[in-house]
Amino acid sequence: MSGTIGAGSTMQVYVTDISAGEAWYTRLLGTPPHFVPESRVREWEIVAGNWLLVVEVEPDQTWRGGRLRLGVADIERAREELAAALSIPVSPVDRIAGAAAWCDFDDPWGNRLGFFQDLSAAGTAGEGP
């Protein structure tokens, strides 16, 4: 199986209202869905081959699993823009010097999300921490 791992990925988050979910994730991601395979599913290709699926479920079916963190070039700016645009609580930025920085937030349905910034020499390309 190792030859097929890494070709792409998907992450599902669950909402109880697909219209509200589509609107919220469109604001978060700055673009409407790239694919609508059925009435209760919206899909965004975050990075080539990596898809976020927003799926409508009944209120008692929501699942609170891991956290999806989206990579950003400037964690402080992304955090400020998110808090202003969506008026939601966002955690302070945590850092591991020379490695990564991240902040966390939840969508209105309890899906755990966040942003991260690669602070390694390869990921920052000369940007400050």
Side-chain angles (χ1 to χ4, degrees):
M1 283 200 37
S2 64
T4 60
I5 304 285
S9 65
T10 64
M11 170 71 180
Q12 282 186 240
V13 294
Y14 302 98
V15 300
T16 54
D17 178 327
I18 196 63
S19 295
E22 178 178 346
W24 197 89
Y25 279 91
T26 294
R27 287 188 67 197
L28 172 68
L29 300 170
T31 186
H34 296 114
F35 185 52
V36 180
E38 59 180 271
S39 64
R40 295 172 56 141
V41 178
R42 304 294 185 270
E43 297 187 18
W44 283 262
E45 188 173 27
I46 305 297
V47 177
N50 296 283
W51 291 82
L52 170 64
L53 286 68
V54 175
V55 179
E56 183 180 64
V57 296
E58 298 300 320
D60 61 343
Q61 293 178 322
T62 57
W63 174 74
R64 192 168 172 95
R67 181 177 302 277
L68 169 65
R69 286 196 180 110
L70 306 169
V72 296
D74 182 335
I75 190 75
E76 298 292 344
R77 181 175 173 197
R79 183 188 180 282
E80 289 171 15
E81 289 176 355
L82 174 70
L86 296 176
S87 300
I88 60 172
V90 183
S91 76
V93 173
D94 287 318
R95 296 176 188 276
I96 299 174
W102 65 92
C103 62
D104 296 320
F105 55 94
D106 292 347
D107 75 7
W109 300 272
N111 292 296
R112 301 170 63 194
L113 306 170
F115 291 139
F116 76 93
Q117 180 180 350
D118 183 348
L119 300 177
S120 70
T124 59
E127 296 173 13

Could you check whether the rings of F105 and W24 sit parallel, tilted or perpendicular, using 30° and 60° as the cut-offs? tilted
OG on S91 to CZ on R79, rounded to 0.5 Å: 6.5 Å
Could you measure the distance from the CH2 atom of W102 to the CD1 atom of I96? Nearest 0.5 Å is fine. 4.0 Å
How many angstroms lie between atom CD of E56 and atom CZ of R42, to the nearest 0.5 angstrom? 8.5 Å
Locate the shortest heavy-atom distance separating V93 from A101; write the atom from each residue and the value. CG1-CB, 3.9 Å
Test item: W44 side-chain N/O and P32 main-chain N/O as donor-acceptor pair under 3.5 Å: yes
Which atom names give the shortest non-hydrogen contact between V15 and G21, and what distance separates them? CG1-CA, 4.2 Å
Taking D104 for its side chain and G114 for its backbone only, find out whether a donor-acceptor pair lies under 3.5 Å. no
Tell me, do L113 and V13 make a side-chain contact under 4.5 Å, heavy atoms counted? yes
To the nearest 0.5 Å, what is the distance between CG on L53 and CE on M11? 10.5 Å
Determine whether I18 and S39 make a side-chain contact, defined as any pair of heavy atoms from C-beta on separated by less than 4.5 Å. no
Would you say the side chain of Y25 lies within less than 4.5 Å of the side chain of D107, judging by non-hydrogen atoms? yes
Minimum heavy-atom distance F115-R69, with the two atoms named: O-CD, 3.9 Å
Closest non-hydrogen atom pair, C103 against V90: SG-CG1, 3.8 Å
To the nearest 0.5 Å, what is the distance between CG on L70 and CD on Q117? 13.5 Å
Assess whether atom CZ of R77 is packed by more than 12 heavy atoms of other residues, nucleotides or ligands within 6.0 Å. no
Following the transitive rule for hydrophobic clusters with a side-chain heavy-atom cut-off under 4.5 Å over Ile, Leu, Val, Met, Phe, Trp and Tyr, establish whether F116 and L28 coincide in one cluster. no
Would a single hydrophobic cluster contain both Y14 and F35, if residues Ile, Leu, Val, Met, Phe, Trp and Tyr are joined by side-chain heavy-atom contacts under 4.5 Å? yes
For R67 and D106, which heavy atoms make the closest approach, and how far apart are they? NH1-OD1, 3.9 Å
Among the clusters formed by ILVMFWY side chains lying less than 4.5 Å apart, do L29 and I88 turn up in the same one? yes
What's the spacing between L68 CG and Q12 CD if we round to 0.5 Å? 12.0 Å
All heavy atoms of D118 vs all of A99, minimum pair found to be OD1-O, 3.5 Å
